Amino acid sequence: MKFREDINGLRAIAVFAVVLFHFKAAWMPGGFAGVDVFFVISGFLMTGIIFKGIEKETFSILKFYVSRANRIVPALSVLCLVLLILGWFYLTPIEYKSLGSHASSSMGFLSNVIYWNESGYFDEASHKKWLLHTWSLSVEWQFYIIYPLVLVSLRKLMSLDKIKITILLATVIGFILCVIATYKWPNASYYLLPTRAWEMMVGGIAYLYPFKNLKEIGKKSLELTGLFLIIFSYLFISKDNYWPGYLALFPVVGTYFIIQAQREKSFITSNLLSQKIGAWSYSIYLWHWPFVVVIYSFSLNDNFIYLGIILSVLLGFMSNKFIENKKFRNDFNTLFSYLKFKPLYMVLAVGLMGSFTFISQGFTSRFNLTADFENIKEELVIPLRSNGYCFNAFSRSESNSALVDLEKGTNCYLGIKGKPTSTLLFGDSYAGHNEPFFDEIFKANNASFQSIVTNWCMPSLTENFTGPKTHLGYKQCLLNRGYLKENLNKYKNIIFAGAWGEALEKKQFNDVESIIERSAKLGINIFIMAAPHKYKKNPLDSFYRSIYFDFPFNIDEIEDNDILMNKGNELLEKLSYQYSNVHFINRELLYEKGNVFTKNGISVPYSLDGAHISMLGSKSSAGYFMKRNEYETIMNYFQLN
């Protein structure tokens with residue numbers, strides 16, 4: 001297709017927003033919408049290539065795939081290779097194993113599916129994933145595979161005009177489905193092709209139905225309107241909005257308008273800077289994210305953000321000049337000749353390296369570790385049903401409502417199992433991380449307790465929820481709360497635990513206070529667990545690095561994020577003073593000073609992820625608690641018989 005300066009300038013507008021958002025979201029809260037701009041551009045260009053080939057009856061699906069791979073694979077494979085090499089020297093086995101998985105899935109263009117299964121795009125954990133940004137390349141490549149197959153198949157059944165109408169209708173249907181799915185399955189909708197395809201097809205519509213005979217004033221108006229819509233999305237949309245959903249119309253329609261305006265000599269898109277950045281945009285996009293991860297992982301100050309941006313542009317320029325612009329063969333005439341297709345071997349080589357890294361558990365053999373540490377590492381996980389506890393956790397990718405079950409969610413006991421009990425532990429994942437704590441204590445007292453715990457299920461009898469209501473945990477939570485409401489009178493003791501800071505943040509703290517007061521007035525002994533210390537970064541990452549690379553671990557160097565957690569603890573402790581049968585168990589009774597404990601001579605953080613307590617941390621907390629003078633007094637409040 002003819003080179004268009006306006007589209008090249010649009011790439012600059014897109015990558016500029018994405019880079020600023022990733023390095024510092026406050027600079028451009030909706031900068032992630034730059035990816036949506038890329039999708040529309042891609043759809044426009046691909047539709048043009050495919051339709052011109054179909055019209056001339058010269059289109060080859062294999063040659064189309066080869067040309068796309070020539071464009072995308074070389075720079076991507078170099079990035080993955082560089083990260084795998086550097087990771088050998090600087091990443092812990094856990095981090096390196098994860099990188100191996102992500103590298104192989106990126107080279108296979110399935111990384112969007114992997115990340116969908118792991119965590120949300122805006123989650124803190126995502127800032128530790130070196131190749132997170134490749135999810136969009138995977139979506140595009142999946143579109144490249146399916147789109148030409150569909151169009152070639154349709155051409156055998158109908159005329160080009162009818163194909164155009166079909167694409168138009170499919171785009172409208174795709175958008176409607178996207179809006180519905182975004183609110184029902186937000187994480188899947190962000191990452192997966194079915195809810196993103198319509199954006200690329202809007203680009204296709206721009207090619208198939210161009211605006212004709214526009215005068216210069218009309219072109220300027222269309223361009224400025226499009227630019228306004230894109231900038232609006234960058235500045236006034238944020239990660240707190242459901243995305244893509246209907247709000248994606250702003251950047252998508254804005255891009256559509258600029259493409260339709262066809263202003264080849266526009267100062268906005270055709271200036272020298274926009275043209276250069278646009279030409280380097282793919283490589284800048286590839287290289288910027290690892291610098292974001294470095295800054296986040298090593299808690300570097302804001303000055304490094306500017307350095308990261310400069311290096312991203314520099315490496316983008318170099319990658320474009322020496323890798324992207326390298327000509328790879330595209331004139332294969334026989335199936336046998338495709339064996340000379342070099343990017344295919346890049347995919348295989350780097351993909352196999354990543355897979356082997358994953359299978360080899362990140363090459364733990366690189367380090368000489370003691371058996372004591374290996375035993376500790378096994379228990380630095382969240383307590384779950386799969387490792388012997390009751391926390392009924394649902395992963396983000398689970399969507400089968402049959403997994404939600406009243407009996408499964410409520411019929412689970414710990415301590416001396418089989419012994420009758422009138423004690424209940426109820427709450428969210430912060431109650432779940434306390435299960436090993438109470439398991440140890442109740443075993444020591446020859447007693448058992450029932451545990452009803454699921455994701456984001458704050459102690460409450462309302463329908464409010466601190467997590468996304470599209471998550472299966474919400475349905476299970478309503479069952480749990482219904483069970484609690486019906487059976488409240490049968491308990492002598494109830495232990496409530498939760499992320500009290502999140503309850504404050506979501507304005508659901510009154511719900512927590514109400515269930516505590518209601519239970520207290522029924523004469524039930526109420527025990528409230530203090531929410532643990534919260535950090536901005538995961539102390540466990542620093543701990544692992546200190547072990548593997550043999551340097552001191554100092555948890556005090558990690559900045560905390562504890563204001564709301566502290567406030568929630570304070571309010572609940574004050575509430576406990578109003579009732580003789582409400583007891584608040586504070587942090588001083590639960591955790592050693594410094595928020596670390598010693599196991600096998602090793603100083604270990606209680607925290608699993610910057611907030612939750614690990615299984616080992618919870619057990620160690622129980623041991624610490626049982627040595628405190630207040631332990632006997634608190635246990636005397638329990639009616640265990």
Side-chain angles (χ1 to χ4, degrees), residues 6-45 112 115-116 120-123 126-127 132-140 143 171 174-175 178-179 181-183 186-203 205-206 223-260 268-269 274 277-278 281-282 284-286 288-289 292 309 312:
D6 57 333
I7 290 179
N8 192 47
L10 257 177
R11 291 193 182 103
I13 293 171
V15 78
F16 174 77
V18 173
V19 168
L20 288 188
F21 171 75
H22 283 155
F23 275 105
K24 196 172 183 68
W27 288 348
M28 195 158 281
F32 54 87
V35 170
D36 304 79
V37 175
F38 276 125
F39 283 159
V40 179
I41 294 171
S42 183
F44 174 81
L45 297 174
N112 59 326
Y115 294 128
W116 164 50
Y121 182 77
F122 302 111
D123 292 353
S126 294
H127 280 81
L132 175 71
H133 58 321
T134 64
W135 75 270
S136 63
L137 303 182
S138 295
V139 170
E140 286 195 17
F143 182 77
T171 304
F175 168 69
C178 170
V179 172
T182 296
Y183 289 90
N187 208 45
S189 297
Y190 192 95
Y191 281 118
L192 302 184
L193 175 64
T195 47
R196 292 292 189 164
W198 72 273
E199 298 181 317
M200 287 172 270
M201 292 169 73
V202 166
I205 292 170
E223 180 190 44
L224 289 174
T225 302
L227 184 65
F228 170 79
L229 291 173
I230 292 172
I231 299 302
F232 178 88
S233 67
Y234 289 170
L235 298 179
F236 297 102
I237 291 171
S238 74
K239 63 182 181 180
D240 295 324
N241 297 114
Y242 283 98
W243 196 264
Y246 71 92
L247 289 173
L249 281 174
F250 285 96
V252 169
V253 173
T255 306
Y256 171 82
F257 282 169
I258 293 177
I259 291 174
Q260 291 285 30
I268 297 170
T269 55
S274 292
I277 297 297
S281 60
Y282 171 55
I284 291 173
Y285 181 79
L286 283 180
H288 86 282
W289 180 253
V292 175
I309 292 173
S312 299

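These figures come from a predicted structure and were not determined experimentally. Each residue takes its place number in the sequence, starting with 1.
The shortest side-chain heavy-atom distance between Met201 and Phe143 falls under the 4.5 Å cut-off. Inter-residue side-chain proximity for Ile268 and Leu224 is flagged as met; some heavy-atom pair is nearer than 4.5 Å. You'll find the side chain of Val18 stays beyond 4.5 Å of the side chain of Val37, heavy atoms only. At a threshold of 4.5 Å between non-hydrogen side-chain atoms, the residues Leu137 and Tyr282 count as touching.
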*Give the C-alpha distance, both sets of side-chain angles, the deciding distance and a yes or no for side chain to side chain contact (heavy atoms under 4.5 Å, CB included) between Thr225 and Val253.*
CA-CA 9 Å; Thr225 302; Val253 173; over 6 Å; no
*Take Ile13 and Thr255 through the test side chain to side chain contact (heavy atoms under 4.5 Å, CB included) and record every step on the way to the result.*
CA-CA 10 Å; Ile13 293 171; Thr255 306; over 6 Å; no
*Would you check, one step at a time, whether the test side chain to side chain contact (heavy atoms under 4.5 Å, CB included) holds for Val15 with Phe38?*
CA-CA 8 Å; Val15 78; Phe38 276 125; 3.9 Å; yes
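Shown here for Ile259 and Asp6, the closest heavy-atom pair between the two residues is O-OD2, 4.1 Å. Of all heavy-atom pairs between Val139 and Phe39, the closest is CG1-CZ, 4.0 Å. The two residues Tyr256 and Val40 make their nearest non-hydrogen contact at N-CG1, 4.4 Å. Leu193 and Met200 get closest at one heavy-atom pair: CD1-CE, 4.0 Å. Across every non-hydrogen atom of Phe23 and His288, the tightest pair is CZ-O, 3.7 Å. Heavy-atom minimum distance, Leu229 versus Phe250: CB-O, 3.3 Å.
Judged by distance alone, with hydrogens and angles left aside, the side-chain atoms of Asp36 form no donor-acceptor pair with the main-chain N or O of Val252 at under 3.5 Å. Counting only distance, with no hydrogens or angles, the side chain of Ser281 and the backbone of Gly278 share a donor-acceptor pair below 3.5 Å. Side-chain atoms of Arg196 come within 3.5 Å of backbone N or O of Tyr190 as a donor-acceptor pair. Panel note: side chain Ser274, backbone Gly9; no donor-acceptor pair is recorded below 3.5 Å. At distances below 3.5 Å, at least one donor-acceptor pair connects side-chain atoms of Ser189 with backbone N or O atoms of Ala181. Side-chain atoms of Tyr285 do not come within 3.5 Å of backbone N or O of Val35 as any donor-acceptor pair. Without hydrogens or angle criteria, Asn187 side chain to Trp116 main chain gives a donor-acceptor distance under 3.5 Å.
Note: Ile237 CD1 to Leu247 CG = 4.5 Å, rounded to the nearest 0.5 Å. Here the CG atom belonging to Leu45 is positioned 5.0 Å from the CD1 atom belonging to Ile7, to the nearest 0.5 angstrom. Distance check, rounded to the nearest 0.5 Å: CG of Leu192 to CG of Asn112 gives 6.0 Å. Here Phe228 contributes atom CZ and Ile258 contributes atom CD1; the two are 12.5 Å apart, rounded to the nearest 0.5 Å. Atom CD1 of residue Ile277 and atom CZ of residue Arg11 lie 13.5 Å apart, to the nearest 0.5 angstrom. For the atom pair Met28 CE and Ile231 CD1, the distance stands at 6.0 Å (nearest 0.5 Å).
When each of Trp27, Phe16, Phe32, Tyr234 is tested with Phe21 by the rule side-chain contact (heavy atoms from CB on, under 4.5 Å), just one qualifies, namely Phe32.
Note on ring orientation: taking the six-membered ring where Trp is involved, the planes of Trp289 and His127 are tilted (angle from 30° to 60°).
More than 12 heavy atoms of other residues, nucleotides or ligands sit less than 6.0 Å from atom OH of Tyr183.
Judged purely by distance below 3.5 Å, without hydrogens or angles, the side chains of Tyr115 and Ser138 never pair a donor atom with an acceptor atom.
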